[in-house]
Structure formats: C-alpha cells, structure tokens
Amino acid sequence: MNVILFGPPGAGKGTQGALLAQRMGIPKVATGDLIRTAMREETALGRQAKGYYDQGLLVPDEIIVGLIEDLLASGDVADGIIMDGFPRTMTQAEAVDGSLAARDGRVDHVILFDVPDTELVRRVLGRAREQGRSDDTPETIKKRLAVYRRETEPLVARYRRCDVVLEVDGTGSVDEIAARVADALEL
Ligand code: AMP
C-alpha cells in the first residue's frame, strides 16, 4: 500500500508516519529527513538545498524530482511506502504517479491531517526548542505555512478527484490521532 501523509508543518506527519510504518511494516520516507542528512553530510544535495531550506522555501523541483524517482525505484519500497513531506508540488505529484505506475502501483491513500494554525505554530515552536531545527524559527514557520497554502495545499483537489483522500482530525493525543489514522485506513 502506498500512502501519502499530507498536511502543513506541525500537522504530525513525522510522528504518525513512524507509528504507521511500524504498524504496517513498510518504510516511511521523509524528503525533509533526506535533505537534513544531506546538509549535515555536506553532499551536493545538501549544499544545493541549504539556502532554500533555511529560508523556509521549497527546494526546487529540478532537485527533488530526481530524489523522488530514485527513492521510488528502490527495492526497499517495493511492498509499499509511507510518504512524509512529498509530493509538495504538482510536478512532484506527477513524478510520484509516474514512478509508482512504472511498477504497477498507485497512490492508494492520502491522509490529510486537519489541525488549526494556532496549534501548528505551537507545535513547531515546541519542536524548535527540542530539536533546534534551523528552519523552526517564528519567521520561517510563518513562511512555511504560507508556502504550504500556496504551493502544496492545491494538490488536495487533485487527490480528491481520484477519491483517495482520508481526512483525519489531527488534534488530541498522539495515541488518539494514531487510532483515527488506523480507522481511516481500516487497519
Ligand atoms: P519538512 O521536514 O518536511 O518540514 O521539510 C523541511 C524543509 O525541507 C522544507 O521547508 C523544504 O525546504 C525542504 N523540503 C522537504 N521536502 C521537500 C519537497 N518534497 N519539496 C521541496 N522542498 C522540500
């Protein structure tokens, strides 16, 4: 099963994705994690991404599409994948569809986390204190939310047309939300 976790920064994609990966026995992959590792290791991807990342902007599709295609071609995700943080643009969504179709797969479900903006900002600021992410400052959080609304949220309409969107209330405890995700996926 191929599942996209969808929602703004702070929606709970990473936390819920890790639990879901364990429950379903398939890997969760986050493009944000791949980018952070690349920046730490100062690889070509890391150097290309850093300026965009630190400003809270999307890393350009020219860089991300190749990453997504390589990822989805890998044998590790042949039994399914939980996608966290991608696709974020129409071009990326097309790359995901194309790569999955190449192995007779499709996007089976899109879990859309519904969380009010005030709660998103509170969570991301909490994470900034705990993890010290360089893009979790009050200014970049606002920017990332705006980027999500402008560039990423329009993809929801695309997935609604394919009838794969499952909306989940993303407020409450981690366990409550995980139970809602499992219900939505009929696990
Ligand atoms: P995340 O960890 O998903 O919140 O992503 C953190 C940052 O990494 C984003 O603000 C972007 O700069 C970059 N990033 C992660 N995934 C993508 C993607 N699919 N497309 C473009 N930029 C991305």
Side-chain angles (χ1 to χ4, degrees), residues 2-21 27-74 77 81-100 107 110-115 117 119-156 158-159 170 177 181:
N2 300 304
V3 179
I4 297 175
L5 301 179
F6 208 92
K13 304 186 293 292
T15 306
Q16 292 301 327
L19 294 173
L20 191 59
K28 179 204 83 148
V29 185
T31 39
D33 289 345
L34 299 177
I35 292 168
R36 278 183 286 280
T37 303
M39 291 195 318
R40 207 166 42 240
E41 293 175 352
E42 298 183 5
T43 65
L45 167 66
R47 282 193 296 273
Q48 287 170 319
K50 188 170 173 27
Y52 302 101
Y53 182 101
D54 283 345
Q55 287 184 67
L57 297 172
L58 292 188
V59 177
D61 284 337
E62 297 85 82
I63 300 170
I64 297 289
V65 163
L67 190 71
I68 290 176
E69 286 172 348
D70 288 350
L71 184 67
L72 294 180
S74 127
V77 301
I81 178 172
I82 298 165
M83 295 173 245
D84 167 2
F86 73 100
R88 263 170 149 107
T89 64
M90 205 54 83
T91 304
Q92 293 181 24
E94 283 162 7
V96 167
D97 281 354
S99 299
L100 292 178
V107 172
V110 175
I111 306 267
L112 174 61
F113 291 102
D114 190 17
V115 182
D117 277 10
E119 173 69 7
L120 295 173
V121 173
R122 195 187 65 77
R123 287 185 190 174
V124 179
L125 288 175
R127 182 170 70 191
R129 276 189 295 275
E130 281 166 24
Q131 302 176 1
R133 264 177 60 165
S134 59
D135 63 338
D136 278 350
T137 65
E139 302 79 61
T140 42
I141 292 165
K142 262 199 219 131
K143 174 97 73 65
R144 281 155 58 212
L145 266 174
V147 166
Y148 172 79
R149 302 279 180 231
R150 190 175 64 235
E151 301 187 44
T152 303
E153 201 170 37
L155 289 184
V156 174
R158 177 183 203 272
Y159 289 115
I177 302 166
V181 170

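For ligands, and for the atoms within them, numbers begin at 1 and follow the listed sequence.
Counting protein heavy atoms only, atom 22 (N) of ligand 1 is closest to Val59 N, 3.0 Å. Of the protein's heavy atoms, Tyr53 CD1, 3.3 Å lies nearest to atom 8 (O) of ligand 1. Atom 11 (C) of ligand 1 has Leu57 O, 3.5 Å as its closest protein atom, hydrogens excluded (heavy atom only). If you check which protein heavy atom lies closest to atom 16 (N) of ligand 1, you get Thr31 OG1, 2.8 Å. Ranking protein heavy atoms by distance to atom 18 (C) of ligand 1, first place goes to Arg88 CD, 3.4 Å. Scanning all protein heavy atoms for the shortest distance to atom 20 (N) of ligand 1 gives Gln92 NE2, 2.9 Å.
The pair Arg127-Asp135 does not count as a salt bridge, with every side-chain nitrogen at least 4.0 angstrom from each carboxylate oxygen.
Checked against a 3.5 angstrom limit, the closest N/O atoms of Arg36 and ligand 1 fall inside it. Polar contact with ligand 1: absent for Ile35 (N/O pair, distance under 3.5 Å). The distance criterion of under 3.5 Å between nitrogen or oxygen atoms is not met by Ile64 with respect to ligand 1. Checking only distances, Arg133 does come within under 3.5 Å of ligand 1, N or O to N or O.
Using a 4.0 Å cutoff on heavy atoms, Lys13 does not count as a contact of ligand 1. Within the structure, ligand 1 lacks Gln55 among the residues with a heavy atom less than 4.0 angstrom away.
Between the side chain of Lys13 and the backbone N or O of Gly7 there is at least one donor-acceptor pair closer than 3.5 Å. Remark: the backbone N or O of Val147 is not paired with any side-chain donor or acceptor of Glu151 at under 3.5 angstrom. Formation of a donor-acceptor pair under 3.5 Å by the Ser99 side chain with backbone atoms of Glu69 is not found in this model. Judged purely by atom type and a 3.5 angstrom limit, Lys142 has no side-chain atom pairing as donor or acceptor with the backbone of Thr137. The backbone N or O of Gln55 sits less than 3.5 Å from a side-chain atom of Lys143, completing a donor-acceptor pair. Side chain of Thr15 to main chain of Gly12: no donor-acceptor pair is present (N/O by atom type, distance under 3.5 Å, no hydrogens or angles).
When each atom of ligand 1 is checked for a heavy atom of Gly32 under 4.0 Å away, the hits are 2 (O), 5 (O), 15 (C), 16 (N). Close approach of ligand 1 to Gly85 (heavy-atom distance below 4.0 Å) involves ligand atoms 16 (N), 17 (C), 18 (C), 19 (N).
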Taking it one step at a time, do Arg158 and Asp97 satisfy side chain to side chain contact (heavy atoms under 4.5 Å, CB included)? CA-CA 12 Å; Arg158 177 183 203 272; Asp97 281 354; 3.1 Å; yes

Quick one: do Val124 and Arg144 satisfy side chain to side chain contact (heavy atoms under 4.5 Å, CB included)? Show the steps, please. CA-CA 11 Å; Val124 179; Arg144 281 155 58 212; 4.2 Å; yes

